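Computed from a predicted structure; not experimentally measured.
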Amino acid sequence: MSSFERISDFKIKVLDIARKQISENTDIELDYELKKRGREFYWITLHINSQKFKQLEIDFEKPLNVQKIYIKINYLWT
């Protein structure tokens, strides 16, 4: 088991990488808070949320190809 002398190394090498990989590969949003007791970090609070994806609305009066392009453009701007 590895140990880290500095909390900043632990954040960079463990927590930030885990948060990025989980966010990119799942529908889970992960964040954390480092809590101190006195001058030392004593515990980590994890905040875990499931990302809710909006259901796409289909307008049957418009061609499907036009709607797909519109959805892609909106996705890129959000």
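One distance of note links CZ of F4 with CG of D9; it measures 7.0 Å at 0.5 Å rounding. Note that CD of E40 is 10.5 Å distant from CD1 of I7, once rounded to the nearest 0.5 Å. Going from atom NZ of K36 over to atom CG of L34 covers 9.5 Å, rounded to the nearest 0.5 Å. Here the straight-line distance linking atom CG of N25 with atom NZ of K20 works out to 10.0 Å at 0.5 Å rounding. Atoms CD1 and NZ, from I44 and K11 in turn, are 10.5 Å apart once rounded to the nearest 0.5 Å. Considering OG1 of T26 and CD1 of I48, their distance stands at 10.0 Å, rounded to 0.5 Å.
A salt bridge is defined here as a Lys NZ or Arg NE, NH1 or NH2 lying under 4.0 Å from an Asp or Glu carboxylate O, and R19 with D16 meets this definition.
Contact check for K35 versus F41: no side-chain heavy atoms found under the 4.5 Å cut-off. Looking at heavy atoms from C-beta onward, L15 lies in side-chain contact with F10 at the 4.5 angstrom threshold. N49 is not listed as a side-chain neighbour of I28, based on a closest heavy-atom distance of 4.5 Å or more.
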Under the side-chain contact (heavy atoms from CB on, under 4.5 Å) criterion, do E29 and D31 qualify, and how do the steps go?
-> CA-CA 7 Å; E29 184 179 298; D31 203 4; over 6 Å; no
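Under a 4.5 Å side-chain heavy-atom criterion applied to ILVMFWY residues, the cluster that includes W43 comprises Y42 as well.
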